Amino acid sequence: MAFVTANWNPLGDAFYRKIELYEMGWNLKDGLRDCLVAAAPYGGPIALLKAHNRCSPSARPQLEIFSSSGLPLASFPWKSGVVKQLGWTVSDDLLCVQEDGTVLVYDLLGGFKRHFSMGNEVSQSQVLETKIFHSPYGTGVAILTGALRFTLATNIDDIKLRRLPEVPGLQGAPSCWAVLTQDRQSKVLVANGSHLFVLDNTACTPVTPPGLSPQASSIVHMCVSFSYKYLALLTDSGHVWMGTSNLKFVLLLFSCRCRRPKSQQPSAVVMWDGLLLVVGECKETIQYHLDDDSILVPELDGVRIISGTHHELLQEVPGACEEIFKIASMAPGALLLEAHKEYEAASFGKCFLSNFPPEQFVSMCRDLRVLNAVRDYTVGIPLSHTQFKQMTIQVLIDRLVYRKLYPLAIEVCRYLKTPEYQGVSRVLKYWACYKVCVCVYLFTPLLYSNILYFVLFLQLLFNKVALNLSKLTPYCMPSCMLVYTVVMYLKNELNRGDFFMMLRNQPVALSLYKQFCKHQEQDTLKDLFNQDDDHEELGNFYVKASYKEQRLEARIAHLQSAVDEYYKAKNEFSAKTTEDEMRLLRFQRKLEEEKGEQLVGFSLHDTMTTLLSVGLHKHAEQLYKDFRVPDKRFWWLRLKALAEKEDWEELEKFSKSKKSPIGYLPFVEVCIKHHNKYEARKYVSKVTLEQKVKAHLAVGDVEGAAEAAIERRNESEIGTVLSRCSATTDHLLVERLNRAKATVAKK
């Protein structure tokens with residue numbers, strides 16, 4: 001018992017322990033120094049990438065993936081762009097975020113799956129910092145760009161980019177920031193010096209943590225708990241603030257007498273060079289000394305500590321363990337342990353408990369044996385019982401399947417008596433898929449010479465061995481070769497009608513055959529749509545065919561056929577849109593003949609832009625009216641076209657033609673963009689009061705901006721104007737602004 005509790009450390013009413021999970025099996029020459037490191041939660045894999053050497057761009061770093069015990073899973077040279085961040089999805093896929101905003105997705109065995117972009121703005125401004133987080137919707141990516149704006153995607157499987165509002169007064173990278181998930185919405189918490197702001201879809205809201213030390217001039221680190229319920233802040237004065245993530249309640253205020261650590265501190269664990277500090281609500285601490293460079297990985301019930309040589313778990317001692325092992329404990333579990341030591345009869349004792357069902361005891365024993373099996377060094381999934389229950393057995397089986405540990409997955413299913421369709425059958429299905437794909441990859445040349453392979457493939461395709469091919473694609477792409485081989489064989493063996501009827505009952509085969517026809521047999525694709533009376537797809541087919549025609553008459557004929565099919569499909573939107581395209585083509589041809597401008601094939605937007613740029617304003621206005629172009633869109637087009645031509649006289653007339661639907665700040669900005677402050681000043685007086693400060697600053701009128709900010713009594717705007725003032729030349733204006741700011745703050 002003394003041995004078990006030897007590494008327990010008291011912290012208030014609880015105990016904490018640091019236990020070794022593995023002595024790492026990898027061989028890292030320099031440890032984790034100068035590496036990008038990402039470890040998946042729930043005992044997941046670890047990814048390492050040496051930092052890019054900008055002095056030697058030709059040197060390619062190696063991306064390596066290991067199990068939690070340090071056994072290699074994958075390794076390959078990194079041939080893409082500079083990586084800013086690594087992270088793992090909820091399904092153990094590796095995300096590599098590049099500085100241009102491209103995110104590459106790999107499976108845990110190093111197989112490339114796909115890539116996506118975080119948008120043009122991120123690509124142009126470059127990635128300054130990024131964080132990968134988990135929300136109720138899946139895995140998300142948050143990016144801080146070089147323009148100091150945040151872009152957020154809450155689910156990488158359904159990309160919907162959100163550009164968050166600006167942080168007032170932010171002149172450089174924030175001291176720290178984190179992603180919060182509250183009320184099923186992802187928000188960003190940003191620290192700019194001593195000021196905290198919460199960014200959501202619509203607003204930037206300043207917040208103040210209750211009880212935060214007034215000595216703090218800057219918040220240097222922050223971290224959200226694994227459950228997103230709690231938040232920890234570390235100030236430059238060495239104070240730790242811990243409370244709820246909504247910043248309404250404080251749980252802990254503590255001074256650790258340290259200044260700006262060099263590493264992050266998850267939850268209430270602070271780490272910097274060679275020291276790990278655990279801070280509790282009781283304001284006591286536990287200190288651990290670290291021998292090597294380490295990273296911390298937050299978990300549901302603790303923190304994993306990974307170094308170049310060891311993998312450890314720091315956690316609060318579970319209540320059940322504390323009752324059993326603490327000194328002089330008289331809990332039932334402690335007494336059973338003593339009985340087991342003396343008489344080896346702990347399991348026998350449950351027979352004398354009339355009100356205690358044995359199922360719970362048996363279930364716990366099974367769970368512990370499974371956890372011991374997956375924690376084995378060769379498997380490397382160190383789960384605690386709390387994590388296992390949160391993860392569920394289905395997810396654990398999936399993770400074993402991803403690692404191609406099929407025999408172990410089957411044994412776990414059988415031991416835990418998982419239902420057949422959820423357990424053994426499902427694992428066997430994926431295992432069979434993997435084996436078949438390997439065979440197809442290795443023996444494709446034999447397919448056309450050995451009919452036995454065709455029999456096997458036909459059986460697989462038509463579910464004769466209960467193998468659902470629709471589930472193969474995520475796990476092994478060579479299965480497509482299998483389907484294509486069978487489909488091409490049947491195409492040559494069956495007549496056209498029977499072949500089409502067969503495909504109708506095989507959705508996977510039909511989908512792949514349509515993909516083939518799109519590139520190789522366009523007429524066959526049209527016949528397939530006709531057979532199924534798929535008027536929607538027929539309409540799409542004719543629209544695509546129209547763009548391959550060189551003659552305008554042929555193009556319009558195809559579009560008319562598309563209109564007829566869309567009306568049959570009762571898709572009025574597509575029909576009306578296609579009719580508009582026909583009208584635009586006829587207008588473009590007529591204008592080409594009259595004015596000699598090359599316009600046929602341009603979009604409506606490009607057509608109006610071209611007309612405005614060559615001075616055909618009346619024709620552009622005709623399109624604007626005929627196609628009901630929104631006022632704001634047309635004003636923007638005309639504004640930019642006139643500015644590009646530097647036709648300032650016409651621009652001024654245009655601004656006076658009627659009230660601008662886009663306001664007058666764009667007029668100021670577009671003049672400044674083309675280096676004409678004189679013209680820009682003409683529109684400053686017309687700008688709305690809310691945009692006055694920005695307009696005055698744009699033309700370099702600091703005094704005018706100050707007048708507008710003071711008139712609006714807006715502290716943020718006053719601060720913006722102050723940041724543009726010179727302490728030597730504008731000292732009177734600075735004093736006036738400071739007085740106004742103090743007055744606003746009092747109210």
Side-chain angles (χ1 to χ4, degrees), residues 7 9 11 16-24 26 28 31-49 51 66-70 85-88 129-134 176-180 219-234 238 240-242 245 252 254 256 258 260-280 285-317 380-384 386-387:
N7 62 348
N9 292 283
L11 191 67
Y16 282 77
R17 63 183 179 185
K18 184 160 70 79
I19 56 177
E20 181 174 287
L21 299 176
Y22 302 108
E23 186 174 335
M24 300 302 282
W26 56 32
L28 305 179
L32 302 180
R33 188 179 297 111
D34 299 326
C35 282
L36 283 176
V37 186
Y42 295 99
I46 305 168
L48 297 178
L49 179 67
F66 299 90
S67 70
S68 286
S69 57
Q85 184 72 30
L86 298 175
W88 293 92
E129 296 177 12
T130 182
K131 296 188 186 297
I132 296 167
F133 62 95
H134 304 310
C176 57
W177 59 283
V179 181
L180 305 176
I219 297 171
V220 295
H221 286 291
M222 65 174 65
C223 193
V224 188
S225 69
F226 192 86
S227 63
Y228 291 97
K229 292 181 180 179
Y230 304 105
L231 173 71
L233 306 175
L234 179 65
V240 175
W241 182 95
M242 188 167 66
S245 59
L252 165 71
F254 178 79
C256 54
C258 61
R260 190 179 286 273
K262 296 181 181 178
S263 305
Q264 292 182 343
Q265 81 296 349
S267 189
V269 179
V270 186
M271 182 182 75
W272 62 96
D273 288 347
L275 183 64
L276 195 72
L277 188 70
V278 185
V279 182
T285 63
I286 303 173
Q287 294 187 8
Y288 296 98
H289 292 277
L290 305 176
D291 297 327
D292 302 314
D293 293 330
S294 304
I295 66 162
L296 304 183
V297 183
E299 289 285 3
L300 181 66
D301 56 346
V303 176
R304 284 193 287 148
I305 307 167
I306 302 174
S307 69
T309 56
H310 291 82
H311 190 165
E312 299 172 299
L313 175 67
L314 172 64
Q315 65 170 176
E316 181 181 341
V317 176
I381 305 180
L383 290 171
S384 67
T386 303
Q387 295 168 18

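Predicted model, so just to flag it, every value in this text is computed and none were measured. Residues take their numbers from the sequence shown, with the count starting at 1.
Across every non-hydrogen atom of Pro41 and Phe226, the tightest pair is CB-CE1, 3.7 Å. Ile46 and Met24 get closest at one heavy-atom pair: CD1-CE, 4.0 Å. Residues Leu180 and Ser245 share a closest heavy-atom pair of CD1-O, 3.7 Å. Nearest heavy atom pair, residue Ala39 against residue Arg304, reads CB-NH2, 4.3 Å. What you find for Cys176 and Ile219 is that their closest heavy atoms are SG-O, 3.4 Å. Here the closest heavy-atom approach between residue Trp88 and residue Ala47 is recorded as CZ2-CB, 3.7 Å.
Distance alone, capped at 3.5 Å, is enough to place a donor-acceptor pair between the Asn7 side chain and the Lys18 backbone. A donor-acceptor contact shorter than 3.5 Å is absent between the side chain of Tyr228 and the backbone of Val179. Listed for the His311 side chain is a donor-acceptor partner under 3.5 Å among the backbone atoms of Ser68.
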Exercise for review: Please report the C-alpha distance between His289 and Leu275 in whole Å, then the side-chain angles of each, then the deciding distance to 0.1 Å, and finally whether the side-chain contact (heavy atoms from CB on, under 4.5 Å) criterion is met.
Suggested key: CA-CA 5 Å; His289 292 277; Leu275 183 64; 3.9 Å; yes
Exercise for review: Give the C-alpha distance, both sets of side-chain angles, the deciding distance and a yes or no for side-chain contact (heavy atoms from CB on, under 4.5 Å) between Leu276 and Val303.
Suggested key: CA-CA 11 Å; Leu276 195 72; Val303 176; over 6 Å; no
Check your understanding: Hey, mind stepping through Glu129 and Trp177 against side-chain contact (heavy atoms from CB on, under 4.5 Å) and telling me if it holds?
Key -> CA-CA 10 Å; Glu129 296 177 12; Trp177 59 283; 2.5 Å; yes
Point to revise | Trace of the side chain to side chain donor-acceptor pair (under 3.5 Å) decision for Ser67 with Ser69 | key: CA-CA 5 Å; Ser67 70; Ser69 57; 2.9 Å; yes
Check your understanding: Which is it for Tyr288 and Leu314 under the side-chain contact (heavy atoms from CB on, under 4.5 Å) test, yes or no, and what are the steps along the way?
Key -> CA-CA 10 Å; Tyr288 296 98; Leu314 172 64; 3.8 Å; yes
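Expressed to the nearest 0.5 Å, how far CG of Asp293 lies from OG1 of Thr309 amounts to 10.5 Å. We find the CG-SG distance between Leu28 and Cys35 to be 7.0 Å, quoted to the nearest 0.5 Å. Residue Glu312 holds its CD atom at 11.0 Å from CG of Leu296, rounded to the nearest 0.5 Å. Rounding to the nearest 0.5 angstrom, the gap separating the CG atom in Leu383 from the CD atom in Glu299 is 8.0 Å. Atom CG of Leu313 sits about 11.0 Å away from atom OH of Tyr22, to the nearest 0.5 Å. Rounded to the nearest 0.5 Å, atoms CG (Leu234) and CH2 (Trp241) are 13.0 Å apart.
Within a 6.0 Å sphere centred on OH of Tyr230, other residues, nucleotides and ligands contribute 12 heavy atoms or fewer.
In this structure, the side chains of Leu48 and Leu32 come closer than 4.5 Å at one or more pairs of heavy atoms.
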